[in-house]
Amino acid sequence: MKNDRLAWLQGPGADGAAKCSNVPEERKNPWRLILLGAPGVGKGTQAEFLRERLFACHLSTGDVFRAAGKRNDCDQSPAMKEAMQYMRRGELVPDATVWEMVRERSHCLLHCNGFILDGFPRTLGQAESLKELMEKEKLSLTAVVNYELPLNEIVRRLSGRRTCEKCKAVFHATERPPKVESVCDHCGGRLFQREDDRPESITVRLEAYERSTAPLIQFYKNLGLLLPIIAQGTPDEIAARTMDKLDRLSAGAA
Ligand code: AP5
């Protein structure tokens with residue numbers, strides 16, 4: 001599937017409607033997934049693998065904030081400028097700002113190809129807002145995939161992450177290095193280290209995860225939607241593990 005994420009990343013245009021050029025896949029049961037897991041566990045990496053296999057759109061809230069942060073100062077709303085401050089420190093952006101941003105892109109959630117949500121919801125308040133929206137639209141979640149990894153491995157993944165400034169492809173300095181140092185394999189863009197991958201921000205992000213996001217595991221377990229996946233091994237191995245569970249779920253055997 002062509003990965004047109006402009007409508008998601010940029011939000012509504014001047015005429016109030018973001019344009020999406022993703023071709024509808026006409027699937028009977030589109031996948032509507034949430035990826036849960038601590039920062040750095042590999043959600044973004046897995047979302048890209050799953051997108052190719054499931055034909056659903058990869059929707060990351062962190063990517064929306066980072067894209068907004070790249071705009072000119074005067075093109076950023078006060079709420080977005082404030083969001084950037086939270087993000088740099090590694091703290092969660094307030095629910096009201098996050099929900100406003102997701103709500104104005106809700107057509108991406110309603111797209112007939114389905115979605116893979118990465119980084120949202122992150123608090124019980126966000127999960128309740130999403131549940132309400134989906135109930136109103138008579139849509140249901142297929143599953144909530146929860147990636148699990150020991151803390152030392154998470155910190156190693158975050159500290160070595162390198163991201164392409166142009167196409168946003170993600171590498172790892174030692175585990176998934178680019179062919180040429182600091183240069184993206186896909187588009188030749190420069191690779192950089194995210195501001196919130198500095199040690200002091202990593203600590204704040206992991207605390208925020210434990211406090212606000214980990215309770216979502218029980219929330220979705222209670223709804224019978226949780227699929228725990230061990231996130232150790234290569235990205236291919238983890239993707240195969242995830243697909244196996246999803247296939248069994250769709251065959252009614254998970
Ligand atoms: P966000 O962008 O969502 O960041 P995150 O959840 O902290 O997750 P990451 O992107 O850091 O990690 P990931 O799990 O996607 O791992 P990745 O695949 O890159 O959010 C950033 C900030 O935005 C938040 O802190 C907050 O301020 C704000 N925000 C966003 N959404 C919000 C919300 N809903 N509410 C409030 N605030 C919000 O992998 C990491 C590294 O590991 C990479 O280098 C990768 O190459 C490597 N790697 C991946 N898999 C493997 C593997 N199997 N083996 C070895 N290396 C691997």
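As a basis for the values below, the full set of heavy atoms in this structure was taken, side chains included, without hydrogen atoms, waters or symmetry mates. Because the structure is a prediction, the values reported are computed rather than measured. We count ligands from 1, going down the list as the structure has it; atoms in each ligand are counted the same way.
Looking at E48 and R51, a side-chain N of the basic residue comes within less than 4.0 Å of a carboxylate O on the acidic one, giving a salt bridge. Looking at R156 and E175, a side-chain N of the basic residue comes within less than 4.0 Å of a carboxylate O on the acidic one, giving a salt bridge. Salt bridge annotation for E132-K136: absent, with no cationic side-chain nitrogen under 4.0 angstrom from a carboxylate oxygen.
Residue G62 has at least one heavy-atom neighbour below 4.0 Å for each of these atoms of ligand 1: 1 (P), 2 (O), 20 (O), 30 (C), 31 (N). When each atom of ligand 1 is checked for a heavy atom of I238 under 4.0 Å away, the hits are 53 (N). Near P235, the atoms of ligand 1 lying under 4.0 angstrom from a non-hydrogen atom of the residue are 51 (C), 52 (C), 53 (N). Counting the atoms of ligand 1 from 1 in the order shown, those under 4.0 Å from a heavy atom of V98 are 33 (C), 34 (N), 35 (N), 36 (C).
For the ligand labelled ligand 1, residue S60 lies outside the 4.0 Å heavy-atom shell. Heavy-atom separations between D197 and ligand 1 are all 4.0 Å or longer. Between Q46 and ligand 1 there is no heavy-atom distance shorter than 4.0 Å. G233 counts as a contact of ligand 1, since one of its heavy atoms falls under 4.0 Å from the ligand.
For the residues M84, K43, R176, R161, the heavy atom positioned nearest atom 10 (O) of ligand 1 is part of R161. Nearest to atom 36 (C) of ligand 1 by heavy-atom distance, out of V204, L149, V93, is V93. Among Q126, E195, R122, the residue whose heavy atom lies nearest to atom 3 (O) of ligand 1 is R122. Of the listed residues (R88, R157, R89), the one carrying the non-hydrogen atom nearest atom 48 (N) of ligand 1 is R157.
For L158, every heavy-atom contact with ligand 1 shorter than 4.0 Å involves the side chain, none the backbone. Residue R205 touches ligand 1 through its side chain alone, judged by heavy-atom distances below 4.0 Å. Using a 4.0 Å cut-off between heavy atoms, E237 makes no contact with ligand 1 at all. Under 4.0 angstrom from ligand 1, there are no non-hydrogen atoms of Y147. Under 4.0 angstrom from ligand 1, the non-hydrogen atoms of D196 all belong to its side chain.
Under a cutoff of 6.0 Å and an axis angle of 45°, R89 and Y86 form a cation-pi pair.
Remark: minimum distance from atom 2 (O) of ligand 1 to any protein heavy atom is reached at R66 NH2, 2.7 Å. In terms of protein heavy-atom proximity, atom 43 (C) of ligand 1 is nearest to V170 CG1, 3.4 Å. For atom 26 (C) of ligand 1, the nearest protein heavy atom (residue, atom name, distance) is E91 O, 3.5 Å. From the protein, the heavy atom lying nearest to atom 4 (O) of ligand 1 is R194 NH2, 3.4 Å. For atom 22 (C) of ligand 1, the closest non-hydrogen atom on the protein side is M87 CG, 3.6 Å. The shortest contact between atom 15 (O) of ligand 1 and any protein heavy atom is with G44 N, 2.8 Å.
Below 3.5 Å of separation, one finds an N or O of G40 facing an N or O of ligand 1. Close N/O approach between G119 and ligand 1 is found [any backbone or side-chain N/O within under 3.5 Å]. Here's the thing with G42: one of its N/O atoms is less than 3.5 angstrom from an N/O atom of ligand 1. Backbone and side-chain nitrogen or oxygen atoms of F171 are examined, and one is located within less than 3.5 angstrom of a nitrogen or oxygen of ligand 1. At least one N or O atom of T61, backbone or side chain, sits closer than 3.5 Å to an N or O atom of ligand 1. Polar contact with ligand 1: present for T45 (N/O pair, distance under 3.5 Å).
Among R198, E153, R205, H172, the one residue that satisfies the side chain to side chain contact (heavy atoms under 4.5 Å, CB included) test with L158 is R205. The side chain to side chain contact (heavy atoms under 4.5 Å, CB included) test with Y147 is passed by exactly one of I229, L36, I230: I229.
Within the 3.5 Å criterion, the main-chain N or O of Q232 finds a donor-acceptor partner in the side chain of R241. Between the R32 side chain and the L139 main chain, no donor and acceptor come within less than 3.5 Å of each other. Side-chain N or O atoms of R157 include one that pairs as donor or acceptor with a backbone N or O of V41 at under 3.5 Å. Not one N or O on the side chain of S212 forms a donor-acceptor pair closer than 3.5 Å with the backbone of T123. Proximity of a side-chain donor or acceptor of T242 to a complementary backbone N or O of I238 within less than 3.5 Å is detected. Side-chain N or O atoms of W8 include one that pairs as donor or acceptor with a backbone N or O of S60 at under 3.5 Å. Panel note: side chain K43, backbone G119; no donor-acceptor pair is recorded below 3.5 Å. Listed for the Q126 side chain is no donor-acceptor partner under 3.5 Å among the backbone atoms of W99.
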| task | Test V155 against L206 for side chain to side chain contact (heavy atoms under 4.5 Å, CB included), laying out the working first. | result | CA-CA 9 Å; V155 173; L206 291 172; 4.1 Å; yes

| request: Go through the steps for S250 and N29 under the test side chain to side chain contact (heavy atoms under 4.5 Å, CB included), then give the verdict. | output: CA-CA 9 Å; S250 84; N29 292 312; over 6 Å; no

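Linking Ile, Leu, Val, Met, Phe, Trp and Tyr whenever their side-chain heavy atoms come within less than 4.5 Å puts L33 and L227 in one cluster.
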